K.L.:
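My questions all concern the structure below.
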Amino acid sequence: MMIPGARDLDGLRIAVLGLGVSGRAALETLSTRVSAQLSAWDANATAREAFADLDGGANEDPDALLDELLAWNPDVVVISPAFAMVGTEWGRLRDAGVKVWSEIELAWRLRAAHADGSFAPWLAVTGTNGKTTTVSMLASILQHAGLRGVAVGNVGTPAVAAVSATDDDAPQAFAFELSSFQLAATESMAPAAAICLNFADDHLEWHGNREHYRDSKASIYANVHGPRIYPVGEQAVESMVLDAPKLEGAYNVGIAIDTPLPGQIGLVEDVIVDRAFVADPAQAEALFELSDLAHLAADNGVLPFHILKDALAAVALARSIEVAPEHIAAGLRAFSGGRHRLELVANIDGVRYIDDSKATNAHAAQSAIRVLENVVWIVGGQAKGASFTELVAKVAPHLRAVVVIGVDQEPWRNALADAAVPVHYVDPAADKPMREAVAQAQAFAHSGDTVLLAPASASMDQFASYADRGEQFANAVRDLGGEHGSY
């Protein structure tokens with residue numbers, strides 16, 4: 001295998017701004033695959049130490065850092081998602097007319113090609129909620145199809161490292177999770193198929209406004225010359241598909257939680273059938289049964305609606321590259337839900353404690369709550385510019401009480417001002433906010449209730465990550481005693 005795009009980067013001056021996981025992978029791949037002049041830049045001097053042999057620098061002052069970077073005269077800057085589009089870094093680079101690429105854009109340009117010149121297909125997923133579940137399901141399906149498929153992008157192995165692999169065991173298909181941050185600096189990527197799962201306000205503080213956030217998500221369809229997949233009834237996503245450029249070979253495929261029309265994949269009784277990727281759309285081909293997802297049901301036996309929708313999305317993407325039904329069913333049966341996504345932690349005195357720390361926005365939290373009743377809801381964290389009034393109104397019939405954590409609680413005070421259930425606000429300065437939240441939730445809960453951590457917010461104000469937040473919840477629940485689930 002070879003990397004045809006590498007020669008296009010030879011001789012360029014390429015700066016990598018932000019030396020986290022994606023930035024380090026970009027530098028390591030560039031240094032081994034491309035003959036370019038490289039430099040490494042970060043606000044953190046410790047992060048910069050690993051690349052002391054390269055040009056570059058570190059400075060906590062954004063303007064000073066950009067003064068030095070621009071003085072280096074880069075042709076391209078590969079930028080980390082940590083730098084908000086409304087921040088100094090993006091603004092200075094735009095004003096200077098420098099090309100700004102995401103690690104995903106770099107990965108697209110450094111794809112390894114087979115001897116016949118073909119490339120492993122990219123199957124791309126974005127959306128406000130459900131991306132990780134969908135690409136993980138898809139990766140499992142691709143593995144069972146013998147394609148050595150892997151999940152990359154915003155999850156798993158850094159994309160640029162995975163797609164530039166040239167060994168005989170390199171993946172033959174990629175399941176891409178793409179955030180709006182990554183898509184904002186990605187221009188030439190042309191996936192074999194793509195889907196936006198859903199759209200709701202999120203990350204507005206990064207993008208500056210709802211329109212730019214929406215446009216970044218919609219850009220996943222911009223260069224697709226094959227199936228542009230969308231969830232039927234999601235009007236915001238349907239509009240993205242309708243607004244996408246009219247390209248040769250592009251066509252629209254719907255996924256539906258009812259009987260599919262021609263050009264759709266949907267549900268007939270307990271069987272998911274395909275009327276999109278078949279020779280005759282008048283004839284439906286069975287793909288899998290609901291029983292293949294039974295292991296993903298909540299402990300009350302109900303399969304969450306969003307899990308089924310994510311499975312349909314993964315299956316549609318797999319069908320776009322002709323994966324057979326038997327591999328689809330096997331891949332779904334082998335998929336496990338993963339940590340911190342509707343994970344039963346314990347059952348104590350008849351009260352279930354569920355960790356959905358991965359619900360970092362309103363859309364995800366709503367999906368979790370609507371399959372439950374009598375919920376003591378632990379919420380809060382970094383609001384990312386969102387309002388929660390509409391969310392609270394939608395889930396109010398499911399609530400027993402609410403416990404609010406996080407440093408900035410004002411959005412929740414506004415949303416819960418007229419709540420008909422008890423609300424407790426954990427002191428933002430509390431030394432162990434999750435422990436206090438769990439103790440208060442236990443005090444509110446009755447036998448038969450569910451204490452649910454579904455914060456609808458990011459975690460970095462009080463925790464290292466959503467995983468750390470989930471672990472602290474699980475640890476606090478463990479200390480209550482009782483019959484525990486698997487961790």
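What's counted below: heavy atoms across the whole structure, side chains too, no hydrogens, waters or symmetry copies. Treat the numbers as computed from the prediction; the structure is a model and nothing was measured.
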K.L.:
Heavy atoms, side chains only, cut-off 4.5 Å: are L147 and I321 in contact?
P.N.:
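Result yes, sub-4.5 Å side-chain heavy-atom pair found.
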
K.L.:
Run the salt-bridge test on D55 and R13 with the 4.0 Å N-O cut-off and return the result as yes or no.
P.N.:
no

K.L.:
If you compare all heavy atoms of P262 against all heavy atoms of P281, which two are closest, and at what distance to 0.1 Å?
P.N.:
CB-CB, 3.9 Å

K.L.:
Return yes if some donor-acceptor pair links the side-chain N/O of T29 with the main-chain N/O of A26 below 3.5 Å, else return no.
P.N.:
no

K.L.:
Distance check, rounded to the nearest 0.5 Å: R48 atom CZ versus N59 atom CG?
P.N.:
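Output value for this atom pair is 12.0 Å.
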
K.L.:
Are the side chain of E103 and the backbone N or O of V160 linked by a donor-acceptor pair below 3.5 Å?
P.N.:
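The answer is yes, because a donor-acceptor pair under 3.5 Å joins these two groups.
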
K.L.:
Give a yes or no answer on whether the side chain of N198 reaches the backbone of N129 with a donor-acceptor pair at less than 3.5 Å.
P.N.:
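Yes; at least one donor-acceptor contact below 3.5 Å.
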
K.L.:
Under 4.5 Å between any side-chain heavy atoms of F174 and P121, yes or no?
P.N.:
no

K.L.:
Just by modelled atom types, is the A250 backbone N or O under 3.5 Å from a matching donor or acceptor in the R228 side chain?
P.N.:
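Here the side-chain-to-backbone pair does not exist.
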
K.L.:
Under 4.5 Å between any side-chain heavy atoms of V163 and W108, yes or no?
P.N.:
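No, their side chains stay 4.5 Å or more apart.
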
K.L.:
May I ask you to decide if Q182's main-chain N or O and S179's side chain share a donor-acceptor pair within less than 3.5 Å?
P.N.:
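Flag set: sc S179 to bb Q182 pair under 3.5 Å.
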
K.L.:
Could you check whether any side-chain heavy atom of S80 comes within less than 4.5 Å of a side-chain heavy atom of L17, counting everything from C-beta outward?
P.N.:
no

K.L.:
So which atom in V232 and which in G254 form the shortest heavy-atom distance, rounded to 0.1 Å?
P.N.:
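Smallest interatomic distance, heavy atoms only, reads CG2-CA, 3.9 Å.
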
K.L.:
Counting only heavy atoms not in E322 (residues, nucleotides, ligands), do more than 12 fall under 6.0 Å from its CD?
P.N.:
no

K.L.:
Do the non-hydrogen side-chain atoms of P260 and V273 ever get within less than 4.5 Å of each other?
P.N.:
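Yes - at least one pair of side-chain heavy atoms lies under 4.5 Å apart.
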
K.L.:
How close do A276 and G263 get, heavy atom to heavy atom, and via which atoms?
P.N.:
CB-C, 3.6 Å

K.L.:
Hey, are D63 and R92 close enough for a salt bridge, meaning a charged N less than 4.0 Å from a carboxylate O?
P.N.:
yes

K.L.:
What distance separates I265 CD1 from I272 CD1, expressed to the nearest 0.5 Å?
P.N.:
10.0 Å

K.L.:
Nearest 0.5 angstrom please: D356 CG to F473 CZ, how far?
P.N.:
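The CZ atom of F473 is 10.0 Å from CG of D356, to the nearest 0.5 Å.
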
K.L.:
Look at E187 together with R109 and state whether they make a salt bridge at an N to O cut-off of under 4.0 Å.
P.N.:
yes

K.L.:
Hey, what do you get for CG (L9) to CG (L106), rounding to the nearest 0.5 Å?
P.N.:
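Output value for this atom pair is 6.5 Å.
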
K.L.:
Mark yes or no for whether S140, through its side chain, and S136, through its backbone, hold a donor-acceptor pair below 3.5 Å.
P.N.:
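Flag not set: sc S140 to bb S136 has no pair under 3.5 Å.
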
K.L.:
Hey, can you tell me if W41 and W72 have their rings parallel, tilted or perpendicular (30° and 60° cut-offs)?
P.N.:
perpendicular

K.L.:
Check R33 against A165 and note the closest heavy-atom contact, atom names and distance.
P.N.:
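Closest pair (atom of R33, atom of A165, distance): NH2-CA, 4.0 Å.
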
K.L.:
Under 4.0 Å between a Lys/Arg side-chain N and an Asp/Glu carboxylate O for R469 and D355?
P.N.:
no

K.L.:
State whether D274 and R319 are salt-bridged, where the test is any N-O pair (Lys NZ or Arg NE/NH1/NH2 against Asp/Glu carboxylate O) under 4.0 Å.
P.N.:
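Yes, D274 and R319 are salt-bridged.
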
K.L.:
Taking the six-membered ring for Trp, is the centroid-to-centroid distance between W412 and F388 below 6.0 Å?
P.N.:
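Between F388 and W412, which both carry aromatic rings, the centre distance is below 6.0 Å.
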
K.L.:
Test side-chain contact (heavy atoms from CB on, under 4.5 Å) on S367 and F305 and set out the steps.
P.N.:
CA-CA 8 Å; S367 295; F305 182 73; over 6 Å; no

K.L.:
Between L38 and V16, is any pair of side-chain heavy atoms under 4.5 Å apart?
P.N.:
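Contact flag for L38/V16 side chains = no.
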
K.L.:
Both conditions, 6.0 Å and 45 degrees, for the charged tip of R214 above the ring of F199: are they met here?
P.N.:
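Judged by the rule, R214 and F199 form no cation-pi pair.
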
K.L.:
Checking salt bridge (Lys or Arg N to Asp or Glu O under 4.0 Å) for the pair K309/E234: CA distance, chi angles, key distance, verdict?
P.N.:
CA-CA 12 Å; K309 291 188 71 175; E234 290 271 357; 3.2 Å; yes

K.L.:
For a side-chain contact (heavy atoms from CB on, under 4.5 Å) check, start with the C-alpha distance between Q382 and V407, then their side-chain angles and the critical distance, and finish with the verdict.
P.N.:
CA-CA 8 Å; Q382 292 173 307; V407 173; over 6 Å; no

K.L.:
Nearest 0.5 Å, what's the CD1-CG distance between I141 and L332?
P.N.:
4.5 Å

K.L.:
Do side-chain atoms of Q143 reach the backbone of G149 as a donor and acceptor pair under 3.5 angstrom?
P.N.:
yes

K.L.:
Looking only at atom types and distance, does a side-chain atom of S357 sit under 3.5 Å from a main-chain N or O of Y466, one as donor and one as acceptor?
P.N.:
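Yes: the side chain of S357 pairs with the backbone of Y466.
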
K.L.:
Evaluate side-chain contact (heavy atoms from CB on, under 4.5 Å) for I405 paired with F463, printing each intermediate quantity in order.
P.N.:
CA-CA 11 Å; I405 58 175; F463 307 93; 4.1 Å; yes

K.L.:
Using atom types as modelled and distance alone, determine if a side-chain donor or acceptor of D42 lies under 3.5 Å from a backbone N or O of L19.
P.N.:
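The answer is yes, because a donor-acceptor pair under 3.5 Å joins these two groups.
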
K.L.:
Any sub-3.5 Å donor-acceptor pair from H144's side-chain atoms to H327's backbone N or O?
P.N.:
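Side chain of H144 to backbone of H327: no pair is present.
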
K.L.:
Show the nearest heavy-atom pair for residues V152 and A162, with the distance to one decimal.
P.N.:
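Looking at all heavy atoms of both residues, the shortest contact is CG1-CB, 3.7 Å.
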
K.L.:
Quick check: do I195 and L317 have side-chain heavy atoms less than 4.5 Å from each other?
P.N.:
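Yes, their side chains come closer than 4.5 Å.
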
K.L.:
From L138 CG over to F176 CZ, what is the distance, rounded to the nearest 0.5 angstrom?
P.N.:
11.5 Å

K.L.:
Could you walk me through whether Q366 and H363 pass the side-chain contact (heavy atoms from CB on, under 4.5 Å) check?
P.N.:
CA-CA 5 Å; Q366 180 185 343; H363 192 279; 5.7 Å; no

K.L.:
Would you say Y230 and M240 make side-chain contact, with heavy atoms under 4.5 Å?
P.N.:
no

K.L.:
Of all heavy-atom pairs between A313 and T134, which one has the smallest distance, and what is that distance?
P.N.:
CB-CG2, 3.9 Å

